[in-house]
Amino acid sequence: MPELPEVETTRRGIEPHIRDAEIAEVVVRQPRLRWPVPEEISSVLPGLVVERVERRAKYLLLYTPAGVLIIHLGMSGSLRIVKTGESPAKHDHVDILFRGGQVLRYTDPRRFGAVLWQPESIVGHPLLKNLGPEPLSEDFDGERLFACSRQKKQPVKTFIMDNHVVVGVGNIYANEALFEAGVDPRKAAGRISRQRYLRLAEIIKRVLARAIEQGGATLKDFVGGDGKPGYFQQQLQVYGRGGEKCRGCQKILKEVKIGQRATVFCSQCQR
DNA sequence: AAATCTCCCTGTAGGC
DNA sequence: TGCCTACAGGGAGATT
């Protein structure tokens, strides 16, 4: 499941290949994603130049003079640059062909992702307008976590995964950040001190920034490769390690469900 | 308003 | 080996 670091790594991987390039053709093989892929993209996109590729939360935004192509990778999606003529595999649902020969290929076995077209401006777009701040921006800090959490009884893990509070903190990094911050994921958000939120916010930033750096360092081949940045599993402290020993105190890590999501933590190190 | 539930989909894992 | 079932998970939208 692409988390924010993987989406950002994808953005950095594809942008050099499609920036300032003119779209020649769009091929939609499977329009049934999370929402139907709009038919109009096949007729509207050709002739348009991709001016830049941005990321907002886990959405990738391909800006053209006529509108914005919005792409979400869901939990199994990926984007990569392939060569013209490379035959599509089973789950290669959308190709965007550029004049010059590059092909941006969208792959998504589980089809939880999305490819949408927003003519003109995306300002006020329903999918984007209620999103909280970017975790790596100055708009996100511990003061905000503290302020937003007052009176909230929901578990702190659910709270930091709420896109209204801060975007891009998915299940993996929520688990990791809470472990590093020494915060029990089950604890009510409203019962955590300002001091601890200041620390938690800094750790969220650090964990995400480090993952992006490593995504960059180990950038998989976006040209002709699999286009998947990978998850750097070897350095995950808790995610996927339920039942194994805590790397800090050797106690057995607990695994529970919080908000229908797998949650792993150390009852000794996280209070 | 806040919290919880449902649903979309298919690869993978586990049971037999 | 193969069949069957359960499950995971982002996140919008519905429901409580």
Side-chain angles (χ1 to χ4, degrees), chain A residues 1-11 28-38 55-61 70-79 88-94 106-116 118 122 124-135 145 147-178 185-192 204 208 211 226-231 233 236 238-244 255-264:
Chain A
M1 21 17 247
E3 295 248 359
L4 184 138
E6 286 79 15
V7 178
E8 177 61 21
T9 298
T10 296
R11 189 193 69 75
V28 179
R29 296 183 200 83
Q30 170 58 276
R32 295 179 55 195
L33 303 184
R34 189 179 202 296
W35 296 284
V37 177
R55 178 189 56 74
R56 175 74 175 104
K58 294 179 188 170
Y59 294 94
L60 288 166
L61 307 173
I70 302 171
I71 300 176
H72 197 289
L73 300 178
M75 65 167 291
S76 60
S78 64
L79 280 171
K90 189 175 178 184
H91 302 296
D92 294 342
H93 304 315
V94 180
Y106 175 86
T107 307
D108 187 3
R110 297 188 188 176
R111 303 185 357 227
F112 275 26
V115 176
L116 298 170
Q118 176 59 38
I122 54 162
H125 190 285
L127 289 174
L128 307 175
K129 68 178 178 187
N130 292 322
L131 293 175
E134 287 290 324
L145 285 182
C148 290
S149 64
R150 295 309 87 186
Q151 319 289 49
K152 294 222 171 152
K153 293 174 179 169
Q154 67 185 153
V156 60
K157 179 174 179 247
T158 310
F159 172 69
I160 61 171
M161 291 177 71
D162 181 344
N163 274 343
H164 300 100
V165 176
V166 58
V167 302
V169 181
N171 197 36
I172 295 176
Y173 294 106
N175 277 295
E176 296 299 307
L178 288 167
R186 301 167 299 182
K187 197 172 167 74
R191 293 182 168 275
I192 290 173
I204 288 171
L208 291 174
D226 63 8
K228 292 173 186 167
Y231 296 104
Q233 296 244 357
L236 297 179
V238 288
Y239 184 80
R241 299 193 62 240
E244 297 178 36
E255 179 151 1
V256 298
K257 289 267 186 191
I258 295 180
Q260 274 82 269
R261 294 292 182 262
T263 304
V264 185

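Residue numbering restarts at 1 for every chain, and letters A, B, ... go by the order of the sequence lines.
Shortest non-hydrogen contact noted between A262(A) and N175(A) is O-ND2, 3.4 Å. Counting all heavy atoms, side chain and backbone alike, V7(A) lies closest to P2(A) at CG2-CB, 4.2 Å. When every heavy atom of R186(A) is checked against every heavy atom of I258(A), the shortest pair comes out as CG-CD1, 3.7 Å. Considering all non-hydrogen atoms of both residues, N171(A) and Y239(A) come closest at ND2-CE1, 3.7 Å.
For the helix from dA2(B)-dT16(C) to dC16(B)-dG2(C), the angle separating the two terminal helix axes comes to 50°, with each axis derived from five pairs and the value rounded to 10°.
One can place CZ of F159(A) at 10 Å from P of dA3(B), the figure rounded to the nearest angstrom. Rounded to whole angstrom, the span from the NZ atom of K157(A) across to the P atom of dA3(B) amounts to 16 Å. Put simply, NZ on K152(A) is 10 Å from C1' on dA3(B), counting in whole angstrom units. Separating the CZ atom of R111(A) from the C1' atom of dC7(B) is a distance of 14 Å, rounded to the nearest angstrom. Distance, D108(A) CG to dC8(B) P: 16 Å, rounded to whole Å.
Considering only residues two or more places apart in sequence or on other chains, R32(A) meets the side-chain hydrogen bond (donor to acceptor under 3.5 Å, both in side chains) condition with none of them.
Between Q154(A) and H91(A), it is Q154(A) whose nearest contact on DNA chain B lies nearer the 5' terminus.
Side-chain contact check for Y106(A) and D108(A): at least one donor-acceptor pair (N or O, by modelled atom type) lies under 3.5 Å. Using modelled atom types, one finds a donor on one side chain and an acceptor on the other under 3.5 Å when comparing T263(A) with K157(A).
The number of heavy atoms from other shown groups lying within 6.0 Å of CZ (R191(A)) does not exceed 12.
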Where protein sits on nucleotides 8-16 of chain C, one letter per nucleotide: B base, S sugar-phosphate only, - none, heavy atoms under 4.0 Å: BBBBB----
